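Here's the structure we're looking at; comments come further down.
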Amino acid sequence: MTTNKCRVIAIFTPKPEFFSEVKDLLTVITPEVYKEPGCELYQLHESVDGQLVFVETWTTREDWVFHGTQDPVARIQAGIAGKLETDVVVMEMYETDAL
């Protein structure tokens with residue numbers, strides 16, 4: 001059994017020459033996402049190997065799907081075009097009940 005709460009990890013791997021530009025873009029957009037319905041957590045982390053990782057919590061999957069249709073995501077997509085080593089890796093997950 002799962003909960004309705006949607007957890008998401010989104011991993012960005014910028015090309016070294018674009019790291020600061022991508023990080024700045026994601027940092028600027030983060031407060032806007034917090035205003036979206038169902039956004040409980042939208043926190044940017046920097047990994048030790050040069051990746052930028054969003055840890056997200058959405059009240060429901062529907063809230064997260066709606067987020068994907070909003071202007072901040074469109075601006076992220078436009079702003080990272082050609083600046084990443086690989087496509088963004090997105091992992092959608094849900095808590096399982098403890099045994």
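As the structure is a prediction and not an experimental result, all values here were calculated from the model.
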Sorted by chain and residue number, the side-chain contact (heavy atoms from CB on, under 4.5 Å) partners of Phe18 (sequence neighbours excluded) come out as Lys15, Glu21, Val22, Lys83

**OP:** Please examine the side chains of Phe19 and Thr13, heavy atoms only from C-beta on, and report whether any two atoms are closer than 4.5 Å.
**Re:** no

Student check: side-chain heavy atoms of Phe54 and Leu26 closer than 4.5 Å: yes

Do Thr30 and Tyr34 come within less than 4.5 Å of each other through their side chains, counting heavy atoms only? yes

_Can a side-chain donor-acceptor contact be found between Asp24 and Thr27 if the only test is distance below 3.5 angstrom?_
no

*Would a 4.5 Å heavy-atom cut-off, applied to side chains only, mark Trp64 and Glu56 as touching?*
yes

Residue pairs passing the salt bridge (charged side-chain N to carboxylate O under 4.0 Å, His left out) test with at least one member in residues 27-38, sequence neighbours excluded, are Glu32-Arg75

Answer yes or no: is there a side-chain heavy-atom contact under 4.5 Å between Pro16 and Glu85? yes

Taken in chain and number order and not counting sequence neighbours, the residues that satisfy side-chain contact (heavy atoms from CB on, under 4.5 Å) with Val65 are Arg61

(Q) Counting C-beta onward and ignoring hydrogens, is there a side-chain heavy-atom pair between Met93 and Ile9 closer than 4.5 Å? (A) yes

The salt bridge (Lys or Arg N to Asp or Glu O under 4.0 Å) partners of Glu62 (sequence neighbours excluded) come to none

Hits for side-chain contact (heavy atoms from CB on, under 4.5 Å) against Val28, two or more places apart or cross-chain, chain-then-number order -> none

Residues passing the side-chain contact (heavy atoms from CB on, under 4.5 Å) test with Thr57, sequence neighbours excluded, are Lys5, Arg7, Glu40, Leu41

4.5 Å side-chain heavy-atom contact, Val88 and Ile80
yes

